[in-house]
Amino acid sequence: MEYFVQQLINGLTLGSIYGLIAIGYTMVYGIIGMINFAHGDVFMIGAFIALAMFLILTTVLGFAFLPVVLLIVLIVAMIFTSAWGWTVERLAYRPLRGSFRLAPLITAIGMSIVLQNFVQITQGARVKPLPPQIQGGITLMEGSATGISVQLSYMQIIIILTTIALMAGFTLLITRTPLGRAQRACEQDRKMAALLGINVDRTISLTFVMGAALAAVAGLMFVLLYGVIDFYIGFLAGVKAFTAAVLGGIGSLPGAMLGGLLIGLIEVFWSGYFSVEYKDVAAFSILAIVLIFLPSGLLGQPEVEKV
Amino acid sequence: MDAATTMKNSDQSTPGWDRDPVLSVEHLTMRFGGLVAVGDLSFNVGRGDITALIGPNGAGKTTVFNCVTGFYKPTEGRIVMRHGPGRQQDDVETLTDSGQRWKTTGNGAVYLLERMPDHEISHKAKVARTFQNIRLFGGMTVLENLLVAQHNPLMVASGFSIGGILGLPSYKKAQKEAVDRAVYWLERTHLIDRADDPAADLPYGAQRRLEIARAMCTKPQLLCLDEPAAGLNPRESAELNELLKYIRDEHDVSVLLIEHDMGVVMEISDHVIVLDYGVKISDGPADFVKNDPKVIAAYLGVDDEAEIDMPEVREDIEKVAGDGPAKKKPTARSKAAPAAKKTAAKAKPSSKASTAKTSTARSTATKASSAKASSAASTAAKPKTAARTAAKPKPAPAASEVKIANAGDYPGSQPHGTKKPRAGGANNLTRVKGIGPASEKKLNALGVWHFDQIAAWKKAEVQWVGSYLAFPGRIEREEWVKQARVLAKGGETEFSKRVDKGEVASSVPGKRGAQPKKKTTGKGGKA
Amino acid sequence: MATNGSNRAVAAPQNDPNSFAASVKDAATAGFLVAVLGFFFIGIRTDIAPGGLDLKMRWGAWIVSILVVFVGRLLLNLFVLKTDSPITRKIAGAMPSGSRFAGTGKWLMRALFAFALVLPFFFTTFFPGKDRQFIDLAILIMTYIMLGWGLNIVVGLAGLLDLGYVAFYAVGAYSFALLAQYLDMGFWFALPLAGILAACWGIVLGFPVLRLRGDYLAIVTLAFGEIIRVVLLNWYEFTNGPDGISGIPKPTFFGLELKRGEGGFADFFGIAYDPIQRFIFLYYIIFILALITNFVTMRLRRLPIGRAWEALREDEIACRSLGINTRNTKLTAFSIGAMFGGFAGSFFATRQGFISPESFTFLESAIILAIVVLGGLGSQVGVVIASIVMIGGIEMLRNLGFLQQVFGSGFDPVQYRMLIFGLAMVLIMVWKPRGLISTREPSVVLKEKKRIGADMVAQGEGH
C-alpha cells in the first residue's frame with residue numbers, strides 16, 4: 001500500500017512534466033495540424049537554459065535564497081526558451097505554411113536534429129549532473145509493517161503546485177482573452193480567421209512561444225527533479241509527451257494534461273511493478289493501442305469521415 | 001405513408017420498381033449521435049430504371065447513398081441488391097437469416113449491402129458510385145483513373161502481381177483489354193483526347209464525366225450518382241442526360257441519382273423518390289411526384305411561413321413546380337434546359353426561410369405573411385382564420401370537436417381539439433420551437449390552442465399531425481411534445497425565451513419588430 | 001538565417017529608398033536574435049568540475065557568432081533578398097529547371113547507372129590510395145539508396161507516412177545475425193529469410209495501424225520502431241542486448257570465401273589476393289540488391305497493385321468506391337517496403353560483421369525518410385540524388401582535415417556532421433518543399449507520355 005501511494009505520487013510528478021510538454025504539442029497540432037517534432041528538443045533547450053541560469057545565480061552571483069533564485073530561473077528560462085520556440089517556427093515552419101503536408105514534418109525532424117547537435121557541440125555530449133537543490137519533504141505514511149514510508153518531497157509539491165497554477169492560468173488565457181479567442185479561431189478555420197482580421201502568423205508564433213514557455217517550465221522541473229540532463233533528453237520526453245497529447249485527445253488542453261498524468265502514472269507503475277527496462281515499451285504500446293481503438297483520445301472530438 | 005400510399009396514389013397495378021427491384025432499401029435508419037439523418041426509409045430502385053432521389057438540402061440523400069455504398073453502416077434496416085430478375089424474396093429471407101453477406105440464387109445472386117464492407121459492395125455486388133465533391137485521382141492520368149477502376153480483374157490477371165512482375169503474357173492481354181474498355185468509355189464521355197492528361201487538369205464538367213466513366217469501368221449493375229449535374233452548364237447537362245440514358249439502355253445498368261437539377265430529374269427519371277428530413281414524403285413517377293402537395297411544401301417551404309391552403313398560392317406553386325421541361329416534348333430538350341435551370345434555381349434555395357420569401361414575393365396573398373403583416377396574421381387575424389377553418393369541417397361524433405374533412409387520410413389519430421380556446425385565451429404556440437405562425441394557425445384550426453393539448457399527444461397523434469402538416473417526422477425530431485410539456489407548466493425553454501425576447505429572426509423572419517411586445521405580455525398567453 | 005528572407009523579401013518593397021537602412025536594421029535584428037539564442041549556449045558552457053558543475057564564459061565565441069550572423073544577413077539582404085537583381089536569380093538561371101531536369105532525368109539515370117557499374121574499378125584505377133575509403137562510401141550510399149527505394153514504395157507511392165522504417169532494417173539485420181549465430185546459416189540462405197521475416201513484421205505491425213491517418217500513422221510507426229529497438233536492447237539472452245552480435249559471417253562467392261590463402265576467391269581464380277576485393281564484392285552485392293529493388297518497384301508501378309497504391313495516395317475513399325480493398329493494398333505496400341528494408345538490413349549486418357541496437361535509432365529512420373522526401377516523393381532518381389548529396393556530402397566532412405589547420409586542432413569537422421545534415425534538411429525543404437524531382441511519370445500511356453506536375457500529385461493521407 002505504501003509502495004503504491006509512493007508510486008502514485010512519483011507518477012503524478014512525472015506526469016505533470018509530461019503534461020506541460022504535451023500542451024505544446026497539442027496546441028501546435030490544434031492550430032496548424034502538424035507534429036512539432038522539435039518541441040521535445042525545445043524542452044531540452046529549456047532544461048539547459050534553466051541549468052545555466054541556476055549556476056549563474058548561485059555560483060557566479062552568489063545568490064543563496066532559493067525561492068527567489070528559482071523564480072528568476074523560471075522567468076529567464078521561459079523567456080529565452082520562448083525565443084527558441086519562436087525562431088524554430090519562423091525558420092522552419094512559416095516558410096512552408098500552406099505547402100504540402102510532409103514538408104513541415106521533415107523540417108521539424110531536421111530542426112530536432114539541429115537543436116540536438118547544436119547543444120551537443122556547444123555544451124558537450126556528457127551528462128550534466130546538478131546536485132539536488134531542494135531536499136526534504138513530508139513523510140505521509142509510516143509503513144511500520146513493510147518498512148517503506150511514503151515520502152512527498154518538497155520538490156514534488158513544488159512541481160505539482162506549479163503545474164496546477166500554470167494550467168489554471170493557461171486555461172484562463174485560452175478561454176478568456178482575445179489571444180485565446182484568436183487562437184481557437186485559427187484552429188477552426190485559418191483562412192476565415194485571417195479574413196476576420198486576425199493576424200494568423202502572429203497567433204501561430206504566439207502559440208509556439210507559449211508552448212516553448214511551458215516546455216521551459218518542464219525543463220526546469222526536470223533539472224531539479226532528476227538532476228541529470230544531456231542533449232538527448234528531448235527526444236524521448238518529446239515522444240512520450242506527444243503520446244500524452246494523443247491519449248488525452250489532440251487539440252484539447254485538459255486532455256493533454258490528463259494524458260500527461262496518465263503516461264506518467266503508467267510509466268512509473270510499470271517500472272515499479274514490472275520492469276524498468278520496458279517502461280518505454282509500455283508508453284509506446286499505450287500510444288499504439290489508444291490510436292487504434294480510440295483515435296480521438298480521451299477528451300478529443302471524434303472525427304466523422306466525410307465522404 | 002410509404003408503400004401503402006404510394007400504391008394508392010400511383011397506378012392501380014404495382015409499379016415496375018416494386019415488382020423487379022434491383023435495389024431495395026428497407027426500413028433504413030441512420031443516426032449520428034442524437035441526430036436522425038434518415039428515419040425508417042424504404043424504397044425500391046427498379047431494374048433498368050433511372051431513379052432519382054430528390055429533396056431539399058439536408059434531407060439525407062447523401063446519407064442514403066453512403067449507406068447503400070457501404071461508407072456508413074446503417075443504424076437499422078436492410079439493403080438488398082439483386083442480380084437477376086425478380087424480387088427473389090425467399091432467397092433474400094434465407095440470406096437474412098443465414099447471417100451471410102450474399103447468396104447465389106437460381107436467378108443470379110442477392111446481396112445484403114449493410115453487411116458488406118464498401119470495397120466488396122463495388123467488387124461483388126456491383127454497385128458503383130460517384131461523389132458530390134468529385135473524387136478523382138488528380139495526379140494520375142485520365143487513363144490511369146480508368147485502369148484503377150478495373151483493379152480487381154486486373155489483379156487476378158496479374159497473378160496478384162507475381163505473374164506481372166515476371167512479365168507473363170496473360171497479364172499483358174488483360175491490360176490491353178482493360179485499356180480497350182477504358183478507351184470505349186473515354187469515347188462515350190468525349191474524353192479520349194485527354195486520356196494522357198492528369199485528371200486534375202480537366203475542366204469541371206469533364207471531371208464529372210470522367211467520374212461516371214470510371215464508375216462504369218467497374219462494370220456495375222447499379223450506378224449511384226451523387227449530383228452528377230451540379231455545376232454543369234445547360235449543354236453539358238443535356239449531354240449528361242444522353243449519357244445516362246445510353247448507360248441505362250445500352251448497358252442495362254440501373255441508375256440511382258441524387259439531383260437538384262429538376263430539369264435532369266424530370267426529364268430522365270423513370271421513378272422519383274422525395275426525401276425531407278430523412279423521411280420519404282413522396283414516391284412515384286415524375287409526373288406524380290411533381291404534383292404532390294407534400295413535395296411542393298417541402299421544396300418551397302410553405303409549411304411554416306405561408307398558407308398552403310390559399311388557392312392562389314397553391315396555383316402559383318404548382319406553376320413553378322410544373323414549369324419544368326418534363327411537360328414539354330423530349331425533342332425540345334435543348335431549349336428546355338434553360339427553363340429547367342430556372343426551375344431548379346427556384347426549387348434549390350437552401351433554407352426554408354429564403355424559399356418562403358421566394359414564394360411570398362410571387363404571391364399577393366402570401367405577402368401578408370411577410371414582415372409586420374405576419375405578426376398581424378398570427379395575432380389579430382387569428383380568430384378569423386380559426387372561424388374559417390372551424391366552419392369548414394362537417395360535424396361528426398369523434399374525439400375532437402373539430403372535424404377535418406379527410407382526417408382518415410392521415411396515419412395515426414387526430415388529436416383532441418376544442419372549437420374555442422379556454423377562458424384566458426390561446427397560448428402562443430410559436431413559443432414551441434418548430435411551430436411557426438402558419439403551423440400555429442393550422443393547429444388552431446384543428447382545435448389545438450394550448451400547450452397542454454400538445455403535451456398530451458401520443459405517438460398516434462404526433463404521426464397524424466405530422467402527416468397533416470406535411471412534415472412527417474419533424475414533430476418528433478423537434479420534440480414539440482416535450483417542449484409543450486415544459487411550456488404548459490409555465491416553464492421556459494431556450495427557444496421560448498428567445499421568442500419572448502423577439503430574437504427569433506432565424507425561424508420566423510420579419511417578426512423581430514412588432515411581435516415580441518405583445519408576446520411578452522403574458523406567460524404564453526395571448527389575451 | 002537565410003530562410004528568414006523568403007517572406008520578408010516579398011513584404012519589403014523592392015525599390016525601398018531606405019533599402020540599405022532596412023537591410024542593416026534587419027541584420028541587426030537577426031544579430032540580436034542570435035545574441036539571445038546563443039547567450040546560454042555559445043556564451044556560456046557548463047562543464048563538469050570537481051564538486052559539481054562549473055561555468056565557462058566564452059564571450060569571444062558569442063560575439064563572433066553575433067557578428068557572423070549580422071554580416072552574413074546583411075550581405076544576404078544587400079545582394080539577394082532586398083535588391084532588384086539578386087545574385088540567386090543568375091544562379092537559378094544557370095541551374096536546370098525542374099521540368100528540363102525531368103527530361104534529362106532518363107539520361108542522368110543512365111549515366112549514373114553506367115558509373116555505378118564500373119565504380120569500384122574507377123576508384124581502384126584513379127584513386128589507388130583512397131580506393132578502399134571511396135568504395136566503402138559508395139557501399140554506404142548504395143545501402144541508403146536501397147533503403148530509400150524501399151521506403152519510397154510506402155511513402156512515395158502508397159502515401160503512408162512511416163517513421164519507423166528502421167525497425168524493418170533492424171529486423172533484417174538481426175534475423176541474419178541470429179540465424180547465423182544459432183543455425184550457422186550463411187548470408188545467401190539467410191538473405192531471403194530475413195526479407196520474408198521483415199515482410200511478416202511489416203504485416204504484423206501494419207495490420208492494426210494502417211487505418212490510421214497521416215500523422216497518427218507516422219507517430220505509431222515511430223513508436224513501433226522504438227519498441228523493436230528497446231526489445232532488442234533489453235532481451236539480453238537472445239540478442240545480447242546493448243553488446244550486440246559480432247562475428248557475423250561474410251558473404252561467399254558461390255561458396256568461395258573472400259579470404260587470403262588456400263580455397264579463397266583469389267586462390268580459386270588464380271589472382272593475387274587483395275583486401276579490396278572484399279569491398280568490391282560487397283559493393284556489387286548491394287548494387288545488385290538495389291537494382292532488384294528498383295526493378296521490382298518499377299514493375300509494380302505498372303501493375304494494378306502499384307496503380308492502386310498511387311490511387312490510395314490520391315484518394316482513399318474513391319479507391320474504396322472502386323472495389324479496392326484498401327487495407328490489403330496498404331499492407332502489401334507496407335510489407336514489400338519492409339522486405340527491401342530487411343534485405344538491406346542483412347546486407348548491413350554482413351558488411352559490418354557486428355550489429356547492436358545503437359545502429360537502429362530513430363535518427364536512422366529520419367535520415368531515410370529525409371532522403372525520400374528530399375529526393376521527391378515517388379521519384380527513384382530523386383532518391384539516388386538525395387542519397388549522394390546527403391550521405392556522400394556529409395561523409396565528405398570527414399575529409400576536411402585541413403580545416404583543423406584553420407580553426408586549430410580542437411576543431412573536428414566530423415562533429416558538425418549531423419548539425420549540417422539537419423540544416424540541409426531544413427534548407428532543402430524550404431527551398432523545394434516537393435523535393436528535388438517532383439514530377440510524376442504516368443504508369444500507362446495511350447498516345448503521348450506527359451509528365452505530371454507536382455502541384456497535382458497528392459501526397460497521401462492528408463485529405
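Residue numbering restarts at 1 for every chain, and letters A, B, ... go by the order of the sequence lines.
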Task: Contact leader toward chain C among B:His123, B:Glu211, B:Glu144, where contacts are heavy-atom pairs under 4.5 Å - done: B:Glu144
TODO: Output all residues satisfying side chain to side chain donor-acceptor pair (under 3.5 Å) with C:Tyr284, sequence neighbours left out; order by chain, then residue number.
DONE: none
Open item on the list: I'd like to know if the side chain of B:Arg82 pairs up with that of B:Ser24 as donor and acceptor (distance under 3.5 Å, no hydrogens or angles considered).
Closed with: yes
Task: Among the listed options C:Gly306, C:Cys319, C:Ser321, the residue most often paired with chain B at heavy-atom distances under 4.5 Å - done: C:Ser321
TODO: Could you tell me which portion of C:Leu300 (side chain, backbone, both or neither) has an atom closer than 4.5 angstrom to a non-hydrogen atom of chain B?
DONE: side chain
- [ ] Check whether B:Gln150 gets within reach of chain C through its side chain, its backbone, both or neither, counting any heavy atom under 4.5 Å.
- [x] neither
- [ ] May I ask you to name which of C:Leu322, C:Thr326, C:Thr329 has the most heavy-atom pairs under 4.5 Å with chain B?
- [x] C:Leu322
Open item on the list: Looking at C:Glu310 and C:Arg307, is any side-chain nitrogen of the basic one under 4.0 Å from a carboxylate oxygen of the acidic one?
Closed with: no
Task: Residue among B:Asn145, B:Asn152, B:Val183 with most heavy-atom pairs under 4.5 Å to chain C - done: B:Asn152
Task: Interchain contact, B:Ile192 with chain C, by part (heavy-atom threshold 4.5 Å) - done: both
Open item on the list: Quick test of your reading of the model: are B:Glu227 and B:Lys61 salt-bridged, counting only N-O distances below 4.0 Å?
Closed with: no
- [ ] Against chain C, label B:Thr218 side chain, backbone, both or neither, depending on which of its atoms sit under 4.5 Å from a heavy atom there.
- [x] side chain
Task: Which of B:Ala128, B:Ala200, B:Pro198 touches chain C most, by non-hydrogen pairs under 4.5 Å - done: B:Pro198
TODO: Name the member of B:Ala149, B:Pro117, B:Ala195 that forms the most heavy-atom pairs with chain C at distances under 4.5 Å.
DONE: B:Ala149
Open item on the list: Which atoms of B:Val142 are under 4.5 Å from chain C, going by heavy atoms: the side chain, the backbone, both sets, or neither?
Closed with: neither
Open item on the list: Once side chain to side chain donor-acceptor pair (under 3.5 Å) is applied, do any residues pair with C:Arg302, and if so which ones, sequence neighbours excluded?
Closed with: none
- [ ] Kindly compute the distance separating OG1 (B:Thr69) from CD1 (B:Ile121), expressed to the nearest 0.5 Å.
- [x] 6.5 Å
Task: Reported CD1-to-CD1 distance for the pair C:Ile336 and C:Ile305, which is rounded to 0.5 angstrom - done: 6.5 Å
Open item on the list: Taking side chain as everything from C-beta outward and backbone as N, CA, C, O, which of these in B:Asp196 sits under 4.5 Å from a heavy atom of chain C? Side chain, backbone, both or neither.
Closed with: both
Task: Option among C:Asn152, C:Leu289, C:Ile153, C:Leu147 that satisfies the side chain to side chain contact (heavy atoms under 4.5 Å, CB included) test with C:Phe340 - done: C:Ile153
Open item on the list: How long is the straight-line distance from CD1 of C:Ile286 back to CE of C:Met146, given to the nearest 0.5 Å?
Closed with: 5.5 Å
Open item on the list: If I measure from the heavy atoms of chain C, does B:Val179 come under 4.5 Å with its side chain, its backbone, both, or neither?
Closed with: side chain
